Amino acid sequence: MSQTVVVIGNFDGVHVGHQAVLRQAVRWAGEDAQAAGLAQPLPVEVVTFWPHPLSVVAPAHAPKLLCGLSERIGRLKAAGASEVRVVPFTRAVAAWEPETFVESILQPLNPATVVVGANFRFGRGAVGTPDTLREVGRFDVHAVDLLQMCKAPVSSTAIRDALAAGDVAAANAMLGRCFRVRGIVELGDQRGRTLGFPTANVPIDAGLVMPADGVYAGWLHRVGEPGVRLPAAISVGSNPTFAGVARHVEAYVLDRDDLELYGVDVVIDFMARLRGMTRFDGVDDLVAQMRRDVTAVRTALHLARS
């Protein structure tokens, strides 16, 4: 097997910090190839883990994820990975000594260079460090410092914290894109249609993180229709005015009551939080607030008044 540049990490969300690591790896892949007299850059092989290691070693502390595995793989390839190797994370893998990790995961990829984040840890008890990789593997190792934003490191945890606070603008800045929810539109109670605000109801994946309850401005896209986005008022919560219990995501596409979205695969992008979730005393108060929400969405998305 020809030599490669190997990048290791969990990469939940493939945020701007992860993207920076991939850019560095692509640069080193070119430099390593040039040093070896090769015409083409070395392949960039990304090693990631599924499920999240904490869900195996400490399930009570496992975080909800920023995106699913297929989306993670797609975003890693878009960021520069030639191939993505998914390591099934098990208790046996968690118990590996650093030497076993290197022998089982890295050596078969024949790395000229290994790239990790500066905080990368591996092996039983997380005893392995970038220095351990150098000592055990005897290949070049680059430990990339965490990207800083507003004097704080960008991390998947920081993004989850921002979403938990409803600060989708901060989360989007760290992701380098809009936080999004994707799903097949379900038939709801159709209450929104009777109120004049028909909504697309998208189920919440229990394994994925969700923004705090509230109303947001954003966009709805039908999957498979690139370039077509529809402005939307988005509600996350349980409809407390109607004594709802289950959390769900609903998107009202502004000025559209003609859309047939049941059974359609859609993506909802969150742009800005407008307000928290409120219980209203009656339907009239709710409808009045929904009209104000629509006006606020237009302002947040810089749309012309209709």
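No hydrogens, no waters, no symmetry mates; every other heavy atom, side chains included, goes into these values. All values reported here derive from a predicted model rather than from experimental measurement.
Residues F122 and T129 are not in side-chain contact: their nearest non-hydrogen atoms beyond the backbone lie 4.5 Å or more apart. Within the 4.5 Å cutoff, the side chain of R247 has heavy atoms near those of the V236 side chain. Taking the side chain as every heavy atom from C-beta outward, F120 and L133 approach each other to under 4.5 Å. Side-chain contact between R85 and L109: present, with at least one pair of heavy atoms (C-beta onward) separated by less than 4.5 Å. Counting heavy atoms from C-beta on, the side chains of Y262 and I184 never come closer than 4.5 Å. With contacts defined as side-chain heavy-atom distances shorter than 4.5 Å, the pair V86/F49 does not qualify. Looking only at side-chain heavy atoms (C-beta outward), H52 and N10 come within less than 4.5 Å of each other. Between L259 and L230, some side-chain heavy-atom pair lies under the 4.5 Å cut-off.
No donor-acceptor pair under 3.5 Å is formed between the side chain of S82 and the backbone N or O of P43. When atom types are taken as modelled, the side chain of D145 and the backbone of A118 share no donor-acceptor pair closer than 3.5 angstrom. Formation of a donor-acceptor pair under 3.5 Å by the H221 side chain with backbone atoms of V223 is not found in this model. Distance alone, capped at 3.5 Å, is enough to place a donor-acceptor pair between the R273 side chain and the D213 backbone. For the pair R124 (side chain) and E97 (backbone), a donor-acceptor distance under 3.5 Å is absent. In this structure a side-chain-to-backbone donor-acceptor pair under 3.5 Å is missing from T100 to W96. Between the side chain of R160 and the main chain of K64, a donor-acceptor pair closer than 3.5 Å is present. Under a 3.5 Å cut-off, the side chain of E186 and the backbone N or O of G263 do not form any donor-acceptor pair. A distance-only check finds no donor-acceptor pair linking the side chain of D269 to the backbone of G218 [under 3.5 Å].
Taking each heavy atom of V127 and P98 in turn, the nearest pair found is CG2-CG, 3.8 Å. Minimum interatomic distance between F139 and A112 (heavy atoms only, all atoms of both residues): CB-O, 4.1 Å. Residues V116 and P130 approach most closely at CG2-CG, 3.9 Å, considering heavy atoms. When all heavy atoms of A165 and A212 are compared, the pair lying nearest together is C-CB, 4.2 Å. Scanning all heavy atoms of the two residues, the minimum distance from A251 to L220 falls at CB-CD1, 4.0 Å. Residues V209 and L163 approach most closely at CG1-CD1, 3.8 Å, considering heavy atoms.
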Derivation and outcome, side chain to side chain contact (heavy atoms under 4.5 Å, CB included), residues V249 and N201: CA-CA 6 Å; V249 177; N201 295 269; over 6 Å; no
W219 and L301: CA distance, side-chain angles, deciding distance, side chain to side chain contact (heavy atoms under 4.5 Å, CB included) verdict: CA-CA 9 Å; W219 305 93; L301 299 183; 3.8 Å; yes
Intermediate values then yes/no, side chain to side chain contact (heavy atoms under 4.5 Å, CB included), M174 and M149: CA-CA 8 Å; M174 290 185 279; M149 187 173 288; 3.9 Å; yes
Stepwise side chain to side chain contact (heavy atoms under 4.5 Å, CB included) check, T113 with H142: CA-CA 7 Å; T113 298; H142 294 289; 3.2 Å; yes
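Rounded to the nearest 0.5 angstrom, T132 OG1 and R121 CZ are separated by 8.5 Å. A distance of 7.0 Å separates CG of D140 from CG of D32, quoted to the nearest 0.5 Å. Atom CG in L66 sits 10.5 Å away from atom CE in M210 (nearest 0.5 Å). In this structure, CZ in R222 is found 5.5 Å from CG in L261, a value given to the nearest 0.5 Å. The CG atom of L106 lies 9.0 Å from the OG1 atom of T4; values are rounded to the nearest 0.5 Å. Atoms CG and CG, on L208 and L65 in that order, are 6.5 Å from each other to the nearest 0.5 Å.
In the hydrophobic clustering of ILVMFWY residues, with side-chain heavy atoms under 4.5 Å counting as a link, I105 and V141 come out together. Placement of V84 and V47 in two distinct hydrophobic clusters is found when ILVMFWY residues are connected by side-chain heavy-atom separations under 4.5 Å, directly or transitively. Under a hydrophobic clustering in which Ile, Leu, Val, Met, Phe, Trp and Tyr are joined whenever their side-chain heavy atoms come within less than 4.5 Å, directly or via other members, V136 and V93 fall into the same cluster. Under a hydrophobic-cluster definition in which Ile, Leu, Val, Met, Phe, Trp and Tyr are linked whenever side-chain heavy atoms come within less than 4.5 Å, directly or via other members, M271 and L274 are assigned to the same cluster. The cluster map of Ile, Leu, Val, Met, Phe, Trp and Tyr, joined by side-chain heavy atoms under 4.5 Å apart, puts V87 and V6 in the same cluster.
More than 12 heavy atoms of other residues, nucleotides or ligands lie within 6.0 Å of CD in Q148, so this atom counts as buried by the packing criterion. In R275, the CZ atom is crowded: over 12 heavy atoms of neighbouring residues, nucleotides or ligands sit closer than 6.0 Å. By the 6.0 Å contact criterion, CD on E83 is enclosed, its count of non-hydrogen atoms from other residues, nucleotides or ligands being greater than 12.
Only one option out of V46, V144, V26, L147 pairs with V21 in a side-chain contact (heavy atoms from CB on, under 4.5 Å); it is V144.
Side-chain polar atoms of Q289 and D293 form a donor-acceptor pair below 3.5 angstrom. There is a side-chain donor-acceptor pair under 3.5 Å between T48 and R72.
Between F197 and Y252, the ring planes are perpendicular. Angles over 60° get that label, and only those under 30° would be called parallel. Between F11 and H18, the two ring planes are perpendicular [angle over 60°; tilted spans 30° to 60°].
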